[in-house]
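A short write-up of the structure that comes next.
Small disclaimer: the values here were computed from a predicted structure and weren't measured. Below, all heavy atoms of this structure are taken into account, side chains as well, without hydrogens, waters or symmetry copies.
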Amino acid sequence: TTYQRIGTKDVVKKTISTVDGVTTTTDFKYEDTTKPSRLTGSHSSDTDGGITDTTYQRIGTKDVVKRTVSTIDGVTTTTDFKYEDTQKPSRLTGSHSSDTDGGITDTTYQRIGTKDVVKQTVSTLDGVTTTTDFKYEDTQKPSRLTGSHSSDTDGGITDTTYQRIGTKD
């Protein structure tokens, strides 16, 4: 991670991270002339050929993701994020994604402790809609994903159990 000073604040300029052999480089943008240290965007590229552009919005004192546009393997996915909790305006409550293959996914989030985690996804691709409900049943780490249940309009049902390896479920 490298930083830059804008006014009196040190802000992230660039991050380079490697996970599972894939290196991702992200450059951050601060282009708000009235609040120069406000994060407005980022551009990420990885060694697998993936590219993501992210737009941020300020809610209260927090810069939160407004939209991502990601291209992987020739498919571009646009995701718009929703923050509709009147008590906690910067809490992520939902997202809507659509891709150039015709896929659509609506995601609902829930707050567990200080984390916004996925509660449910409803995805449609090739005329089949799949609904997945996510479970968090670890009493020691309440926001750890432990399982999911999916059903689709073709009659398919999938139950998945997750285990933690390092920092990933």
[X]: salt bridge (charged side-chain N to carboxylate O under 4.0 Å, His left out) partners, not counting sequence neighbours:
| X | answer |
| --- | --- |
| Asp101 | none |
| Asp32 | Arg38 |
| Lys14 | Asp27 |
| Asp10 | Arg5 |

Heavy-atom check, side chain of Val64 versus side chain of Leu92, under 4.5 Å: no

Within-4.5 Å side-chain heavy-atom neighbours: Val118 and Gln120: no

Within one Ile-Leu-Val-Met-Phe-Trp-Tyr cluster: [X] and [Y], side-chain cutoff 4.5 Å:
| X | Y | value |
| --- | --- | --- |
| Val75 | Leu125 | no |
| Val69 | Ile51 | no |
| Tyr56 | Ile6 | yes |

So does [X] have more than 12 non-hydrogen atoms from other groups sitting under 6.0 Å from [atom1]?
| X | atom1 | result |
| --- | --- | --- |
| Asp73 | CG | no |
| Lys29 | NZ | yes |
| Lys119 | NZ | no |

Shortest non-hydrogen contact between Asp138 and Thr146, atoms and distance: N-CG2, 3.8 Å

Shortest non-hydrogen contact from Ser148 toward Phe134: CB-CD2, 3.9 Å

With sequence neighbours excluded, residues passing side chain to side chain donor-acceptor pair (under 3.5 Å) with Thr86: none

With sequence neighbours excluded, residues passing side chain to side chain donor-acceptor pair (under 3.5 Å) with Ser70: Thr52

Flag for Thr76-Thr100: side-chain donor and acceptor within less than 3.5 Å: no

Identified side-chain hydrogen bond (donor to acceptor under 3.5 Å, both in side chains) partner of His96 from the options Asp106, Thr107, Thr78: Asp106

Residues Gln4, Tyr30; criterion side-chain contact (heavy atoms from CB on, under 4.5 Å); working and verdict: CA-CA 11 Å; Gln4 63 180 333; Tyr30 303 87; 3.5 Å; yes

Separation of Ile16 CD1 from Thr26 OG1 (nearest 0.5 Å): 9.0 Å

Backbone of Gly50 reached by a side-chain donor or acceptor of Asp46 within 3.5 Å: yes

